[in-house]
2 protein chains.
Amino acid sequence: MIRHSHNISEEHSKLESYLQSNGLKLSFGRELVFQAAIGSHGHFTAEELVKLLKKQPQRVSRATVYRSLKELLEAGVIRETAFGDKHHHFEHVYDEDPHHHAQCIRCHSFIEFPDLKEDTVYRPILEKEGFKILGHEMHFYGICRKCRDRNS
Amino acid sequence: MIRHSHNISEEHSKLESYLQSNGLKLSFGRELVFQAAIGSHGHFTAEELVKLLKKQPQRVSRATVYRSLKELLEAGVIRETAFGDKHHHFEHVYDEDPHHHAQCIRCHSFIEFPDLKEDTVYRPILEKEGFKILGHEMHFYGICRKCRDRNS
DNA sequence: TTATAGATGATACACTGTCTCATTATGATC
DNA sequence: GATCATAATGAGACAGTGTATCATCTATAA
Ligand SMILES: [Mn+2]
Ligand SMILES: [Mn+2]
Ligand SMILES: [Zn+2]
Ligand SMILES: [Zn+2]
């Protein structure tokens, strides 16, 4: 896929402003999780990051990884991508063209395809890949009214 | 939401033909899970069905519920709807207008909105609901090439 | 320095979804 | 209806995820 010209520091700023507006600090643990997430290729799970960060000289606990991932998610640095199995899957937004996922309900594998803005345009792409479409839905993510109110 | 004129027996036929083409039988347990799923209002989790079916005179085991739900999913009687937490959420397709879900990344609640076929049309609807959109993706589900080949 | 608030890690915990396997049901064939 | 092959079932064990707790550590401001 074609890459964006986004800068990593731009992503880092997302995190910083998120932390600031929530009274949180840019700690060393958070920084490591950020680096691991942003440095990943393709998709990753929380547990994968846990294992990865266990190998580093600077240890980060499982609790911190889970906590930090939630923050990165809300900050918009990463997004959740896979469903259907019991893992949370993520990918970073940086250096990725907007794309969608088509997921197999049997093996939970998925294929990626570029965001073409129009529903009907996607079908031929997927069918050419041998993917039998059973259905689709548009999945928006964000903050609901209740949570927004609760926060202020 | 406006209802379709779909018939329940039409949904039952979906299941029957799925079972037949997979060499499976329409057992009593499957029938009960089907009834419970089709009779549900809104969304439901696997565990909710398990509890529900425990109260009935005819018992159905947890294993059977999970197994049957996968079949109903593949048969197209139900679809998976919610993500982000560790539960599988389902809803039946019967008597439901095509719609999408917008999910809060904090509390995992979601709102539903009708399928209007066009991306940009959705945003004003969600924003009117107080939902702050952080992003979206089109989620297709189906059977991947590998799984289709493996099956034949 | 002291006080305050946030950050962390270890660990316990609840619960989901999967798997195994012995047993039972089903239904086709003779 | 007896026999046989195959599918279905239930009970329980199981691994693994994501959450919660809480005592301890750290950073920052006063
Ligand atoms: Mn992707
Ligand atoms: Mn719905
Ligand atoms: Zn597959
Ligand atoms: Zn919310």
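Sequence lines set the chain letters: A, B, ... in the order given, protein chains first and strands last, and positions in each chain run from 1.
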Original post:
Is A:Glu16 atom CD crowded by more than 12 heavy atoms from other residues, nucleotides or ligands, each under 6.0 Å away?
Top reply: yes
Original post:
Would you say the base of D:dG10 and the side-chain of B:Arg67 have a donor-acceptor pair closer than 3.5 Å?
Top reply: yes
**OP:** Return no unless some side-chain N or O of B:Thr64 is found under 4.0 Å from OP1 or OP2 of D:dG10.
**Re:** yes
Subject >> Side-chain touch B:Val77/B:Tyr94, heavy atoms, less than 4.5 angstrom >> reply: no
**OP:** Let me know, please, whether B:Phe28 or B:Thr45 comes out on the 5' side of the other along DNA chain C by nearest nucleotide.
**Re:** B:Thr45
**OP:** Return yes if a side-chain donor-acceptor contact under 3.5 Å exists between B:Thr81 and B:His43, otherwise no.
**Re:** yes
Original post:
In whole angstrom, what separates A:Gln58's CD from C:dG9's C1'?
Top reply: 13 Å
**OP:** In whole angstrom, give the distance that lies between atom CG of B:Leu32 and atom P of D:dT9.
**Re:** 10 Å
Subject >> Gap between atoms NZ and P, on A:Lys54 and C:dT8 respectively (whole Å) >> reply: 14 Å
Subject >> Interatomic distance, A:Leu24 CG vs D:dA27 P [rounded to whole Å] >> reply: 16 Å
Original post:
In terms of the nearest nucleotide of DNA chain C, which residue is placed more toward the 5' end: B:Lys25 or B:Lys70?
Top reply: B:Lys70
Original post:
If you look at every strand shown and take non-hydrogen atoms under 4.0 Å, does B:Arg30 touch a base, only sugar-phosphate, or nothing?
Top reply: sugar-phosphate
Original post:
Which nucleotide in the set D:dG10, C:dT8, D:dT17 lies at the smallest distance from any side-chain heavy atom of A:Tyr66?
Top reply: D:dT17
Subject >> Distance in angstrom units between B:Gln20 CD and C:dA28 P, rounded >> reply: 11 Å
Subject >> A:Asn22 CG - C:dA5 C1' separation (whole Å) >> reply: 15 Å
Original post:
Angle class for the B:His12/B:Phe34 ring planes (parallel below 30°, perpendicular above 60°, tilted otherwise)?
Top reply: perpendicular
Original post:
Ion pair present between B:Glu48 and B:Lys51, side-chain N to carboxylate O less than 4.0 angstrom?
Top reply: no
Original post:
Which residue lies toward the 5' end of DNA chain D, A:Ala63 or A:Glu47, if each is placed at its nearest nucleotide?
Top reply: A:Glu47
Subject >> Nucleotide of D:dG10, D:dA7, C:dA12 approaching A:Arg62 most closely (side-chain heavy atoms) >> reply: C:dA12
Original post:
Closer than 4.0 Å, any side-chain N/O of A:Ser27 to the OP1 or OP2 of C:dT8?
Top reply: yes
**OP:** Would you indicate what A:Arg59 reaches in the nucleic acid, counting non-hydrogen atoms under 4.0 angstrom: base, sugar-phosphate, or nothing?
**Re:** sugar-phosphate
**OP:** Can you tell me the distance, in whole Å, between the CG atom of A:Leu69 and the P atom of C:dA7?
**Re:** 15 Å
**OP:** In whole angstrom, give the distance that lies between atom NE2 of A:His88 and atom P of C:dC15.
**Re:** 16 Å
